[in-house]
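Here is the structure we will look at.
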Amino acid sequence: YGYFVGINSYDFKFSYEGEYYKQERNDIEVMPKKGFNVGLIADLRVNKFINIRIEPGLYYTKRDLMYPENKVLAIESDRLREVKSTYIHLPLMVKFSAARINNFRPFLLAGISTDFNLSSNHKNVDDNFSNVFRTEPQNINYEIGLGFDFYLFYFKFSPSIRGIFSMENELIPDNPNTSGPSPWTGNIIKMVSRGFAINLTFEWFKTYQGLKISLNTIAVAVDTFRLSGNLLLEKLGIVIWFLIFSSNDLPIPWDSLPI
């Protein structure tokens with residue numbers, strides 16, 4: 001087990017309707033901002049080279065969208081949309097490790113993940129006409145990455161980089177409007193997230209060894225106490241046996257001494 005901290009950067013990939021480029025329109029410009037990630041790691045070793053990992057975490061990121069200028073979106077405040085995302089990120093990864101060279105070991109990562117976006121605005125009745133950009137609250141991703149394990153005395157330090165690619169449309173279209181299709185979402189067929197994350201991972205393994213040593217120490221102490229207790233009972237039995245025969249002026253049968 002362990003934990004990770006890191007940074008990320010996300011953008012969007014847009015798919016437009018067929019007439020979009022025929023109208024000589026430019027693409028929507030995505031301006032990604034740096035975000036951060038933090039989370040926990042649970043690791044299950046399959047064999048010497050393969051591990052299955054669950055890495056639940058919190059990913060925060062921000063993207064600014066700048067729409068191309070047209071007759072409807074003439075001023076910058078109408079063309080700019082800020083998209084903040086706070087993801088509960090739940091990946092299931094397979095880790096493929098190479099042979100260990102001294103205290104160094106490279107690895108590859110591959111897997112799938114799901115995101116729950118706490119900042120999606122999907123329940124908001126307002127839309128871009130009220131300056132509210134809405135996205136779906138959940139999506140599915142595939143992930144690939146690589147990294148390196150460095151084996152230190154008390155823990156394993158693993159820097160890694162990975163790409164995160166959404167497989168579902170995240171865009172919620174604007175509400176129908178009497179003025180015509182929305183200039184923000186009306187021409188978009190699909191919008192998916194793409195991002196990369198750099199994680200610094202710390203996994204503890206000395207704790208388990210220390211626990212084994214502690215348990216072994218406790219087991220030895222219990223055995224020692226049991227043996228000492230048995231010896232004490234034997235001595236107590238001899239004293240009681242001697243007192244019984246002495247108090248009754250009986251000859252002591254040394255052959256039946258309870259030793």
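Values reported hereafter were calculated over all heavy atoms of this structure, with side chains retained and with hydrogens, waters and symmetry mates removed. Heads up: numbering here begins at 1 and tracks the sequence.
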**Q.** Set of residues satisfying side-chain contact (heavy atoms from CB on, under 4.5 Å) with respect to Ser119, sequence neighbours excluded
**A.** Thr86, Asn117
Q.
Parallel, tilted or perpendicular: which one describes the rings of Tyr67 and Trp184, with boundaries at 30° and 60°?
A. perpendicular
Q.
Restricting to non-hydrogen atoms, name the atom on Asp78 and the atom on Val72 that form the minimum distance, rounded to 0.1 Å.
A. OD2-O, 4.5 Å
Q) Can you tell me how far CD1 of Ile52 sits from CG of Asp43, rounded to the nearest 0.5 angstrom? A) 9.5 Å
Q: To the nearest 0.5 angstrom, please state how far the CG atom of Asn175 sits from the OG atom of Ser182.
A: 9.0 Å
(Q) Is the shortest side-chain heavy-atom distance between Tyr1 and Trp204 below 4.5 Å? (A) yes
Q.
Are there over 12 heavy-atom neighbours, none belonging to Leu200, within less than 6.0 Å of that residue's CG?
A. yes
Q.
Using a 3.5 Å distance criterion without hydrogens, assess whether the side chain of Ser85 forms a donor-acceptor pair with backbone atoms of Thr61.
A. no
Q: Measure from the ring center of Phe104 to the ring center of Phe150 and say whether it is less than 6.0 Å.
A: yes
Q: With Glu143 as reference, evaluate Arg162, Arg53, Lys95 under the salt bridge (charged side-chain N to carboxylate O under 4.0 Å, His left out) test and give the passing residue.
A: Arg162
Q | Under 3.5 Å side-chain donor-acceptor pair for Asn131 and Arg81 | A | yes
Q. Side-chain donor-acceptor pair under 3.5 Å between Ser160 and Asn199, yes or no?
A. no
Q: List the steps, then state whether side chain to side chain contact (heavy atoms under 4.5 Å, CB included) holds for Leu146 with Phe107.
A: CA-CA 6 Å; Leu146 58 89; Phe107 62 84; over 6 Å; no
Q) Can the positive tip of Arg100 be found less than 6.0 Å from the middle of the six-membered ring of Tyr151, inside 45° of the ring normal? A) yes
Q | 4.5 Å side-chain heavy-atom contact, Asp127 and Arg134 | A | yes
Q. Looking only at heavy atoms, what is the nearest atom pair of Asn139 and Asn141, with distance?
A. OD1-OD1, 3.1 Å
Q.
Looking at every non-hydrogen atom in both residues, tell me the closest pair between Glu17 and Asn187 and how far apart they are.
A. OE2-OD1, 2.9 Å
Q | Any His122 side-chain heavy atom under 4.5 Å of Ile172 side chain | A | yes
Q) Rounded to the nearest 0.5 Å, how far does CG of Asp149 lie from CD1 of Ile101? A) 12.0 Å
Q: Return yes if a side-chain donor-acceptor contact under 3.5 Å exists between Ser120 and Glu136, otherwise no.
A: no
Q. Is the side chain of Ser166 donor-acceptor paired with the backbone N or O of Glu168 at a distance under 3.5 Å, no angle test?
A. yes
Q. If you measure from CG on Asn51 to CD on Glu203, what distance do you get to the nearest 0.5 Å?
A. 8.5 Å
Q.
Against the six-membered ring of Phe12, is Arg194 placed for a cation-pi contact (under 6.0 Å from the centre, within 45° of the normal)?
A. no
Q. Would you call Leu80 and Met31 a side-chain contact if the rule is heavy atoms closer than 4.5 Å?
A. yes
Q: Is it possible for you to say whether Ile161 and Ile7 belong to one hydrophobic cluster, with membership spreading through side-chain heavy-atom contacts below 4.5 Å?
A: yes
Q) Does Asn121 use its side chain to pair, donor to acceptor, with the backbone of Asn124 at less than 3.5 Å? A) no
Q | Close aromatic pair by centroid cut-off 6.0 Å: Phe202 and Phe4 | A | no
Q: Show the numbers, then the answer: is there a side chain to side chain contact (heavy atoms under 4.5 Å, CB included) between Arg63 and Lys33?
A: CA-CA 6 Å; Arg63 290 156 278 190; Lys33 308 293 183 181; over 6 Å; no
Q: Return the minimal non-hydrogen interatomic distance between Ile164 and Ala197, and the atom names on each side.
A: CD1-CB, 4.4 Å
Q.
A side-chain contact here means heavy atoms from C-beta on lying under 4.5 Å apart; do Phe196 and Ser9 qualify?
A. yes
Q.
What I'd like to find out is whether the side chain of Met191 reaches to under 4.5 Å of the side chain of Thr135, using heavy atoms alone.
A. yes
Q: Indicate if Val5 and Ile88 have the same hydrophobic cluster label, given that clusters are the connected sets of ILVMFWY residues with side-chain heavy-atom separations under 4.5 angstrom.
A: yes
Q: Heavy atoms only: give me the nearest Glu170-Tyr87 pair and the separation to one decimal.
A: OE1-OH, 3.7 Å
Q | Residue pair Tyr10, Tyr59: steps toward the side chain to side chain contact (heavy atoms under 4.5 Å, CB included) verdict | A | CA-CA 10 Å; Tyr10 279 78; Tyr59 282 55; 3.8 Å; yes
Q. Should Val94 and Val46 be regarded as members of a common hydrophobic cluster, given that ILVMFWY residues are connected when their side-chain heavy atoms come within less than 4.5 Å of each other, either directly or indirectly?
A. yes
Q: Might you point out which heavy atoms bring Leu65 and Ile28 nearest each other, and give the distance in Å?
A: CB-CG2, 4.2 Å
Q | Contact check, side chains of Leu109 and Phe96, non-hydrogen atoms, under 4.5 Å | A | no
Q) If you round to the nearest 0.5 Å, how far is CG of Asn26 from CD of Glu29? A) 10.0 Å
Q. Hey, what's the ring geometry for Phe14 with Tyr16, parallel, tilted or perpendicular (30° and 60° as the breaks)?
A. parallel
Q: Look up atom CD1 in Ile50 and atom CG in Leu44, then write down how far apart they are to the nearest 0.5 Å.
A: 11.5 Å
Q) Are Asn103 and Leu152 close enough, and set up right, to give a side chain to side chain contact (heavy atoms under 4.5 Å, CB included), and what steps lead you there? A) CA-CA 7 Å; Asn103 291 325; Leu152 305 179; over 6 Å; no
**Q.** ILVMFWY network linking Phe148 to Phe155, side-chain heavy atoms under 4.5 angstrom
**A.** yes
Q | Joint cluster assignment, Val30 & Leu171, ILVMFWY side-chain distance < 4.5 Å | A | yes
(Q) Quick test of your reading of the model: are Lys13 and Asp27 salt-bridged, counting only N-O distances below 4.0 Å? (A) no
